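The shown structure was predicted, so the numbers you read here are calculated from the model rather than taken from an experiment.
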Amino acid sequence: MTFQGKIAYVTGASSGIGRGAAIRLANDGAAVVLIGRRRRHLDEVAELCGEHAAVLELDVADGAAVAEVLPNALAEHGPPDIVVHAAGITVLGALDALSEDEWDRQMDTNVKSIFHLNRVLWPAMQPTGGAIVIVASTASFAAFPQDAAYVASKGAVLALTKAMALDGAPHGIRVNAVCPGFILTPNLQGYFDGQPDPAAAVRGAAEAAPLARLGTPEDVAGAVAFLAGDDAAFITGTSVLIDGGLLARVPT
């Protein structure tokens, strides 16, 4: 697969799935714009992505900042052929235990950030089309206990993928989602650390999937690259589970 001459904007690029996706796209030839809040980590990823990587320090949950900063990035780096929405956090807690600020922080990062980015990037993609890949989750299909806001956000992301695909089709913009299971990222490690027995949580997650291991960001990056590429030219409005078979098995 090659993305020579393509420009990819990747959010959440400083770590985890966003980092893995950015490196994969860069290795496949794309120029990548790395978007995230942590400059030092973004610089480290840029080194791994090579000379055609640019760093954009930006909180995608901040609509005013996105509206101010992102148009300048478009002018400097060009319109995207590929957009990967990988920014995300996990706010733990049952619904009755969450504060309004916690709920808003979860939704602002995982869902509203897509709205903020799309207001700027979508018009830039319309003349030539392109591919958008949104990071959803197995939680888009099945819930985790004590994780209400995260589950709600990922359900919304999956529905949004379908709506955007319909709106994008007349412009040649394809929109799909990847739905990772237990992928070993800092975000998932934070979820494990919040459990009564973190070590047991890690073992349980690894054993839950028929493939009997945790996934890696590279596992997800391969699916992102496929959905962003020409081999997926007739695929839009759908999702790909990357969960080691987790949702294929009825628990016994």
Check whether V133 and I235 end up in the same hydrophobic cluster, where Ile, Leu, Val, Met, Phe, Trp and Tyr are linked by side-chain heavy atoms less than 4.5 Å apart.
-> yes
With a cut-off of 6.0 Å (strictly less than), are more than 12 heavy atoms of other residues, nucleotides or ligands near CZ of R38?
-> yes
Give every donor-acceptor pair under 3.5 Å between a side-chain atom in residues 80-94 and any protein atom, sequence neighbours left out.
| from | atom 1 | to | atom 2 | distance (Å) |
| --- | --- | --- | --- | --- |
| D81 | OD2 | I7 | N | 2.8 |
| T90 | OG1 | N187 | OD1 | 3.2 |
| T90 | OG1 | N187 | ND2 | 3.0 |

Please tabulate, for the side chains in residues 156-167, all donor-acceptor contacts under 3.5 angstrom to protein atoms that are two or more places apart in sequence or on a different chain.
| from | atom 1 | to | atom 2 | distance (Å) |
| --- | --- | --- | --- | --- |
| T161 | OG1 | V157 | O | 2.9 |

Considering only heavy atoms from C-beta outward, does the side chain of V55 approach that of R39 to under 4.5 Å?
-> yes
Drop me the distance from L34's CG to L48's CG, to the nearest 0.5 angstrom.
-> 10.0 Å
Does the K112 side chain pair with the main chain of D104, one donor and one acceptor, at a distance under 3.5 Å?
-> no
Are I23 and F3 connected, step by step, through hydrophobic side chains (Ile, Leu, Val, Met, Phe, Trp, Tyr) whose heavy atoms are closer than 4.5 Å?
-> yes
For the residue pair P217 and I183, what are the closest heavy atoms and their distance?
-> N-CG2, 3.6 Å
Report the C-alpha separation of F182 and D243 in whole Å, then their side-chain angles, then the decisive distance to 0.1 Å, and conclude whether the side-chain contact (heavy atoms from CB on, under 4.5 Å) test is met.
-> CA-CA 7 Å; F182 292 117; D243 66 349; over 6 Å; no
Across all chains, not counting sequence neighbours, the ring-ring contact (aromatic ring centres under 6.0 Å, His included) partners of F115 are none
State, yes or no, whether a side-chain contact exists between L241 and F141 at a heavy-atom distance under 4.5 Å.
-> yes
Check whether any side-chain heavy atom of S15 lies under 4.5 Å from a side-chain heavy atom of P186, and answer yes or no.
-> yes
So NE2 of H116 and CG of D59: to nearest 0.5 Å the spacing works out to 9.0 Å
Kindly indicate whether the side chain of I35, heavy atoms from C-beta on, has any atom under 4.5 Å from the side chain of L56.
-> yes
Donor-acceptor contacts, no H, no angles, side chain residues 63-71, under 3.5 Å, sequence neighbours left out:
none

Quick one: are N176 and V240 in side-chain contact, heavy atoms under 4.5 Å?
-> no
State the CG-CG distance between L246 and L211, to the nearest 0.5 angstrom.
-> 10.5 Å
Check S137 against K154 and note the closest heavy-atom contact, atom names and distance.
-> CB-CG, 3.7 Å
What's the verdict on side-chain contact (heavy atoms from CB on, under 4.5 Å) for T109 and V60, showing C-alpha distance, side-chain angles and the deciding distance?
-> CA-CA 7 Å; T109 302; V60 294; 5.5 Å; no
Below 4.5 Å, heavy atoms only, C-beta onward: do T138 and F144 meet side chain to side chain?
-> yes
Please lay out, stage by stage, how R105 and D101 fare under the test salt bridge (charged side-chain N to carboxylate O under 4.0 Å, His left out).
-> CA-CA 6 Å; R105 183 161 60 90; D101 285 345; over 6 Å; no
Determine whether L227 and W122 fall in the same hydrophobic cluster, where Ile, Leu, Val, Met, Phe, Trp and Tyr are linked whenever their side-chain heavy atoms lie under 4.5 Å apart.
-> no
For S153, check side-chain hydrogen bond (donor to acceptor under 3.5 Å, both in side chains) against everything at least two apart and list the hits.
-> N110
Side-chain (R174) to main-chain (A232) donor-acceptor, under 3.5 angstrom = yes
side-chain contact (heavy atoms from CB on, under 4.5 Å) between L184 and T216: does it pass, once the steps are laid out?
-> CA-CA 6 Å; L184 192 54; T216 68; 5.9 Å; no
Look up atom CG in L95 and atom CD in E102, then write down how far apart they are to the nearest 0.5 Å.
-> 11.0 Å
Identify, with sequence neighbours excluded, every residue that meets side-chain contact (heavy atoms from CB on, under 4.5 Å) alongside T128.
-> none
When you look at R203 and E207, which way does the salt bridge (charged side-chain N to carboxylate O under 4.0 Å, His left out) test go after all the steps?
-> CA-CA 6 Å; R203 290 194 302 272; E207 294 167 357; 5.4 Å; no
Applying side chain to side chain donor-acceptor pair (under 3.5 Å), run through D193 and Q189 and close with a yes or a no.
-> CA-CA 6 Å; D193 292 343; Q189 188 61 55; 3.0 Å; yes
Report the C-alpha distance between S239 and C179 in whole Å, list the side-chain angles of each, state the deciding distance to 0.1 Å, and finish with yes or no for side-chain contact (heavy atoms from CB on, under 4.5 Å).
-> CA-CA 7 Å; S239 58; C179 298; 3.7 Å; yes
Below 4.5 Å, heavy atoms only, C-beta onward: do Q126 and H171 meet side chain to side chain?
-> yes
Would you kindly say whether T185 and R19 are connected by a side-chain donor-acceptor distance under 3.5 Å?
-> no
Interatomic distance, N27 atom CG to T2 atom OG1 [nearest 0.5 angstrom] = 11.5 Å
